[in-house]
Amino acid sequence: YQPQINMTILKGEKGERGERGMQGKFGKTGVAGSRGHTGPKGQKGSAGAPGERCKSHYAAFSVGRKKPLHSNDYYQPLIFDTEFVNLYEHFNMFTGKFYCYIPGIYYFSLNVHTWNQKETYLHIMRNGAEVVILYAQVSDRSIMQSQSVMLELSEQDEVWVRLYKGERENAVFSDEYDTYITFSGHLIKYSGDP
């Protein structure tokens with residue numbers, strides 16, 4: 001037989017709180033909770049500073065000629081009498097020249113109809129210099145000839161077509177019913193674009 005002692009009689013007063021122990025290890029991450037409710041709409045913010053105006057750069061023309069042309073004793077520009085497209089009037093119908101107002105890379109195309117038994121000899125010109133030639137030898141048949149070129153132009157450059165001076169029977173054919181001669185060009189890339 002062992003005697004039993006009532007511990008509640010021996011219990012002392014409550015002691016002071018001990019020092020905080022070291023932090024234990026983190027437990028495993030729990031499952032994400034469900035999405036909360038949408039909060040109230042905030043107030044409208046103040047207007048930002050005005051941005052720069054969006055600038056688009058375009059240049060294009062397409063012209064034709066319904067009259068034939070024979071060479072003389074001097075070089076002569078090919079003047080056109082039919083306007084298909086002339087955006088912002090950059091092509092001057094009186095001088096036969098395209099004037100560059102927007103610097104960049106341009107594409108030009110020249111199409112002519114040769115004349116039987118006559119030579120066809122023209123240049124696409126930039127300012128006063130020949131860039132490319134369109135040439136066809138004397139033939140019993142008339143044919144369509146074309147030439148095209150890309151040029152990097154600066155502002156105020158001029159592009160035009162010049163008929164070679166008359167050392168031989170040099171001519172281009174056209175008539176009042178159909179347009180056999182065309183000259184076209186358009187801007188591919190503005191020089192200010194990245």
Side-chain angles (χ1 to χ4, degrees), residues 55-194:
K55 293 182 180 178
S56 297
H57 300 280
Y58 302 102
F61 74 91
S62 185
V63 293
R65 181 181 173 98
K66 288 183 177 288
K67 296 176 184 175
L69 184 65
H70 292 265
S71 63
N72 296 318
D73 294 332
Y74 55 89
Y75 297 108
Q76 55 185 319
L78 199 58
I79 305 298
F80 297 87
D81 52 35
T82 304
E83 187 178 85
F84 300 113
V85 172
N86 193 1
L87 195 60
Y88 309 125
E89 306 295 321
H90 290 183
F91 188 90
N92 188 309
M93 296 296 287
F94 298 102
T95 63
K97 294 182 178 182
F98 168 75
Y99 294 90
C100 178
Y101 293 98
I102 303 170
I105 297 172
Y106 286 78
Y107 176 83
F108 295 95
S109 174
L110 172 65
N111 297 279
V112 300
H113 194 276
T114 65
W115 203 310
N116 294 357
Q117 304 299 329
K118 295 183 182 181
E119 190 176 47
T120 301
Y121 194 170
L122 304 105
H123 285 106
I124 295 179
M125 308 285 293
R126 175 170 49 197
N127 302 322
E130 299 111 347
V131 179
V132 291
I133 187 172
L134 186 152
Y135 179 78
Q137 292 181 325
V138 176
S139 172
D140 293 336
R141 299 181 331 158
S142 61
I143 56 172
M144 293 296 291
Q145 290 281 90
S146 66
Q147 178 63 279
S148 58
V149 65
M150 281 194 286
L151 296 174
E152 187 166 3
L153 300 183
S154 300
E155 196 169 346
Q156 299 183 352
D157 277 349
E158 301 171 2
V159 179
W160 50 291
V161 179
R162 185 184 72 180
L163 190 69
Y164 199 74
K165 60 185 178 181
E167 294 179 354
R168 296 188 183 128
E169 284 285 333
N170 181 22
V172 288
F173 176 80
S174 196
D175 63 39
E176 59 184 276
Y177 303 106
D178 294 303
T179 305
Y180 288 90
I181 303 166
T182 61
F183 183 41
S184 304
H186 66 274
L187 176 66
I188 295 174
K189 183 180 182 296
Y190 168 55
S191 62
D193 288 342

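The first residue of the sequence shown is numbered 1, and numbering continues consecutively from there.
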* Non-hydrogen side-chain atoms of Leu151 and Ile105 separated by less than 4.5 Å -> no
* To do: Quick one: which residue pairs count as a salt bridge (Lys or Arg N to Asp or Glu O under 4.0 Å) with a foot in residues 73-93, not counting sequence neighbours?
  => none
* Write down the atom of Ile188, the atom of Met150, and the distance for their closest heavy-atom approach. => CD1-SD, 3.4 Å
* Asked: Would a distance-only check, ignoring hydrogens and angles, find a side-chain to backbone donor-acceptor pair under 3.5 Å from Ser191 to Pro103?
  -> yes
* To do: For Ser174, enumerate each residue passing the side chain to side chain contact (heavy atoms under 4.5 Å, CB included) test, keeping only those at least two apart in sequence or located in another chain.
  => Tyr180, Ile181
* **Asn92 side chain to Lys97 backbone, donor-acceptor under 3.5 Å** => no
* Structure fact -> Across all chains, not counting sequence neighbours, the side chain to side chain contact (heavy atoms under 4.5 Å, CB included) partners of Tyr101 are His90, Tyr99
* To do: State, to 0.1 Å, how close Thr95 and Ile79 come at their nearest heavy-atom pair, and which atoms those are.
  => O-CD1, 3.3 Å
* To do: With sequence neighbours excluded, give me every salt bridge (Lys or Arg N to Asp or Glu O under 4.0 Å) pair touching residues 174-190.
  => none
* To do: Determine whether the side chains of Glu119 and Tyr135 contain a donor N or O and an acceptor N or O closer than 3.5 Å.
  => yes
* With no hydrogens and no angle check, is any side-chain donor or acceptor of Thr114 less than 3.5 Å from a backbone partner on Ile143? -> yes
* Any idea which heavy atoms bring Ala171 and Trp115 closest together, and the distance? -> CB-CE3, 3.9 Å
* Asked: Partners of Tyr58 by ring-ring contact (aromatic ring centres under 6.0 Å, His included), sequence neighbours excluded?
  -> none
* Are Gln145 and Asn111 close enough that a side-chain donor and a side-chain acceptor fall under 3.5 Å? -> no
Per-pair distances, 0.1 Å, donor-acceptor, side chain in residues 123-133, under 3.5 Å, sequence neighbours excluded:
unit_1: Arg126; atom_1: NH1; unit_2: Glu152; atom_2: O; d: 3.2
unit_1: Asn127; atom_1: OD1; unit_2: Glu158; atom_2: N; d: 2.8
unit_1: Asn127; atom_1: ND2; unit_2: Asp157; atom_2: OD1; d: 3.1
unit_1: Glu130; atom_1: OE2; unit_2: Arg162; atom_2: NH2; d: 2.6

